[in-house]
Amino acid sequence: HFTFAKTGLRVGELVHLLIEDIDLDAGWLTVRNKPDLGWRVKTGQGRSVPLLPEVVAVLRSVIGGRPAGPVFLREKVRATGPALAGTAADLARVLADRCRQATTAGTREARRKIARGVWRDAGAINPDEIRTSFLRTMAAVGRPDATCPKSWRHTFATLLQDANVDPLIRQLVLGHSPTGAGGLGMTANYTHTRPDTVRRQVLGALRTWPRALAFVPTLTEEKSHESRQPDRSDQ
């Protein structure tokens, strides 16, 4: 939930986020289509999101010593490690093999079902689990009326708005289409925003809510007490 609130990711984007999609040293997260793994971004457009050092610290703690696979694992597989481990290319090969072996893999829906199985075996979180966790969290803080994890994305977008982040940068970071009603239209096609500018404005906006960042030491300490995932890269 902390990562949701500080990156503006959609639920599907976080569930399908791989370790190789994150550059912790540079402080960037990349949302990209994964057609070989049966998943694509809602708009079909990838994007890069700058990360606060506090978010980097949380992600380092979550990833631990794992070299590849989904960033966030289901709680039940954290201690033992997922049944499948590897990079996007490794998982894609497993998906391709399973499709070849399946007698019903000829339809698009059948392939999507097989792909969901690969993600499950890789330890990825079920989106339904995120909603359940969100409901539990909101009830704990006295906001049972908040029922949708997408609220974190709304919060992120509102924070950028309140900090007067450039509209084009907001569109880029949130992954919205730059065209259409209410958009920047053709102006966006002629405008190229430097990564340093995106990073400066977005991180500056996130720092306007410092109390939210004060939870980071607690989050990383909790993760440090969990069992690290075994390295199965050689299996």
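These figures come from a predicted structure and were not determined experimentally.
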What's the separation between atom [atom1] in [X] and atom [atom2] in [Y], rounded to the nearest 0.5 Å?
{"X": "Thr7", "Y": "Ile22", "atom1": "OG1", "atom2": "CD1", "value": "9.0 Å"}
{"X": "Ile125", "Y": "Leu73", "atom1": "CD1", "atom2": "CG", "value": "7.5 Å"}
{"X": "Thr158", "Y": "Arg170", "atom1": "OG1", "atom2": "CZ", "value": "9.5 Å"}
{"X": "Arg131", "Y": "Arg136", "atom1": "CZ", "atom2": "CZ", "value": "12.5 Å"}

Ignoring hydrogens, what is the shortest heavy-atom contact between [X] and [Y]? Give both atom names and the distance.
{"X": "Gly38", "Y": "Ala115", "answer": "CA-CB, 4.0 Å"}
{"X": "Gln201", "Y": "Asp166", "answer": "OE1-N, 2.8 Å"}
{"X": "Val11", "Y": "Pro149", "answer": "CG2-CB, 3.9 Å"}
{"X": "Leu18", "Y": "Pro70", "answer": "CD2-N, 3.7 Å"}
{"X": "Leu29", "Y": "Leu51", "answer": "CB-CD2, 3.9 Å"}
{"X": "Val62", "Y": "Val71", "answer": "CG1-O, 3.3 Å"}

Could you check whether any side-chain N or O of [X] sits under 3.5 Å from a backbone N or O of [Y], counting only pairs where one atom can act as donor and the other as acceptor?
{"X": "Asn33", "Y": "Pro35", "answer": "no"}
{"X": "Arg74", "Y": "Arg120", "answer": "yes"}
{"X": "Ser61", "Y": "Ala57", "answer": "no"}
{"X": "Arg153", "Y": "Leu174", "answer": "yes"}
{"X": "Arg111", "Y": "Cys99", "answer": "no"}
{"X": "Ser151", "Y": "Thr147", "answer": "no"}

Item checked: Residues Asp196 and Arg199 bridged, charged N to O under 4.0 Å ->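 Answer for the salt bridge query: no.
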Checklist line | Greater than 12 external heavy atoms within 6.0 Å of Glu129's CD | finding: yes
Item checked: Worked verdict on Phe4 versus Phe134 for side-chain contact (heavy atoms from CB on, under 4.5 Å) -> CA-CA 11 Å; Phe4 272 134; Phe134 181 81; over 6 Å; no
Check: Does any pair with a residue in residues 206-219 pass salt bridge (Lys or Arg N to Asp or Glu O under 4.0 Å), and if so which ones, sequence neighbours excluded?
Finding: Glu54-Arg207
What pairs with [X] under salt bridge (Lys or Arg N to Asp or Glu O under 4.0 Å), at least two apart in sequence or on another chain?
{"X": "Arg32", "answer": "Asp21"}
{"X": "Arg112", "answer": "Glu109"}
{"X": "Arg10", "answer": "Glu13"}

Note to self: Test side-chain contact (heavy atoms from CB on, under 4.5 Å) on Trp119 and Asn126; report intermediate values, then the result.
What the structure shows: CA-CA 9 Å; Trp119 282 99; Asn126 187 315; over 6 Å; no
Next item on the list: Would you please test Thr208 and Asp162 for side-chain contact (heavy atoms from CB on, under 4.5 Å) and show each step?
Entry: CA-CA 9 Å; Thr208 62; Asp162 289 346; over 6 Å; no
Margin query: Do Ile130 and Leu17 land in one hydrophobic cluster if side-chain heavy atoms of ILVMFWY residues count as linked below 4.5 Å?
Written below: yes
Is there a side-chain contact between [X] and [Y], using heavy atoms and a 4.5 Å cut-off?
{"X": "Asp145", "Y": "Met138", "answer": "no"}
{"X": "Leu24", "Y": "Ile63", "answer": "yes"}
{"X": "Arg98", "Y": "Asp121", "answer": "yes"}

Notebook entry, point to check: Who pairs with Ala26 by side-chain contact (heavy atoms from CB on, under 4.5 Å), at least two apart in sequence or on another chain?
Noted result: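 side-chain contact (heavy atoms from CB on, under 4.5 Å) list for Ala26, sorted by chain: Asp23, Trp28.
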Margin query: Classify the ring geometry of His16 against Trp39: parallel below 30°, tilted from 30° to 60°, perpendicular beyond 60°.
Written below: parallel
Note to self: Among residues at least two apart in sequence or on other chains, which ones pass side-chain hydrogen bond (donor to acceptor under 3.5 Å, both in side chains) with Asn164?
What the structure shows: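 Residues passing side-chain hydrogen bond (donor to acceptor under 3.5 Å, both in side chains) with Asn164: none at all.
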Note to self: Please identify which of these residues, Val216, Thr155, Val202, Leu206, meets the side-chain contact (heavy atoms from CB on, under 4.5 Å) condition with Lys6.
What the structure shows: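 Of the listed residues Val216, Thr155, Val202, Leu206, the side-chain contact (heavy atoms from CB on, under 4.5 Å) partner of Lys6 is Leu206.
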Margin query: With side-chain contact (heavy atoms from CB on, under 4.5 Å) as the criterion, how do Leu59 and Phe72 come out once you've worked through the C-alpha distance, each side chain's angles and the decisive distance to 0.1 Å?
Written below: CA-CA 9 Å; Leu59 292 176; Phe72 291 93; 3.9 Å; yes
Next item on the list: Test salt bridge (charged side-chain N to carboxylate O under 4.0 Å, His left out) on Arg93 and Asp90 and set out the steps.
Entry: CA-CA 5 Å; Arg93 282 192 288 271; Asp90 296 328; 2.3 Å; yes
